[in-house]
Amino acid sequence: MKLALNIKSAMALREFSESMPFAIQNIVDSTERLIQIYQSVAEQLGVHNQDFYNMLMLIKSAQKDAADAIEILPNMLIRTAEKIEIYVASQPTIPAK
C-alpha cells in the first residue's frame, strides 16, 4: 500500500488499525489449534515427543511476542492518521474556478 499525505491515506491507516485485533486473534487461534493437534498425537511421537514439544513452545513464545507487538500497532497507526489529518487541514486550498 502506498500512502500519500491526504485524507484517503489517513482513512486507510484507520481501517488497517481496526483490523489488528482480528490479526492478533487469528495468530492466537492458530497457535491454539496447533497445540490441540500436538496434544492429539503426542503419544504417537515416540522419541521425538520432546523435540516436537520444544518446537511448539518456541512457536508459542513467538506467537506471544508477535501478538504483543501487533497490540501496540493500532494506536501508532491512529496517531499517524491524526498527524496526516492535521497536516492536510493546515494546508491552504486553491479554490476551483
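In this chain, residues are counted from 1 in sequence order.
- Residues satisfying the side chain to side chain donor-acceptor pair (under 3.5 Å) criterion with Asn75, sequence neighbours excluded, are absent altogether.
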In a table with atom names and distances, give each donor-acceptor pair under 3.5 Å that connects a side chain of residues 62-70 to protein atoms at least two apart or in another chain.
residue, atom, partner, partner atom, Å
Gln63, OE1, Lys60, NZ, 3.3
Lys64, NZ, Asp68, OD2, 3.0

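- Annotation: side chain to side chain donor-acceptor pair (under 3.5 Å) contacts of Asn26 (sequence neighbours excluded): none.
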Which pairs would a plain distance check flag for residues 34-46, meaning a side-chain donor or acceptor within less than 3.5 Å of a matching protein atom at least two apart in sequence or in another chain?
residue, atom, partner, partner atom, Å
Tyr38, OH, Asn49, OD1, 2.4
Ser40, OG, Ile37, O, 2.7

Would you give me the side-chain donor-acceptor pairs under 3.5 Å for residues 10-19, sequence neighbours excluded?
residue, atom, partner, partner atom, Å
Arg14, NE, Glu85, OE2, 3.1
Arg14, NH2, Glu85, OE1, 2.9
Ser17, OG, Arg14, O, 2.6
Ser19, OG, Phe16, O, 2.6

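- Other residues sharing a hydrophobic cluster with Ile72 under the 4.5 Å side-chain heavy-atom criterion for ILVMFWY residues are Met76.
- Judged by distance alone, the side chain of Ser9 and the main-chain N or O of Leu5 form no donor-acceptor pair under 3.5 Å.
- In the hydrophobic cluster analysis, where Ile, Leu, Val, Met, Phe, Trp and Tyr join through side-chain heavy atoms closer than 4.5 angstrom, Val28 is grouped apart from Ile59.
- With sequence neighbours excluded, the residues forming a side-chain contact (heavy atoms from CB on, under 4.5 Å) with Met57 are Tyr53, listed by chain and number.
- Applying the salt bridge (Lys or Arg N to Asp or Glu O under 4.0 Å) definition to pairs two or more places apart or across chains, none involves residues 48-58.
- The two residues Val88 and Asn6 make their nearest non-hydrogen contact at CG2-CA, 3.6 Å.
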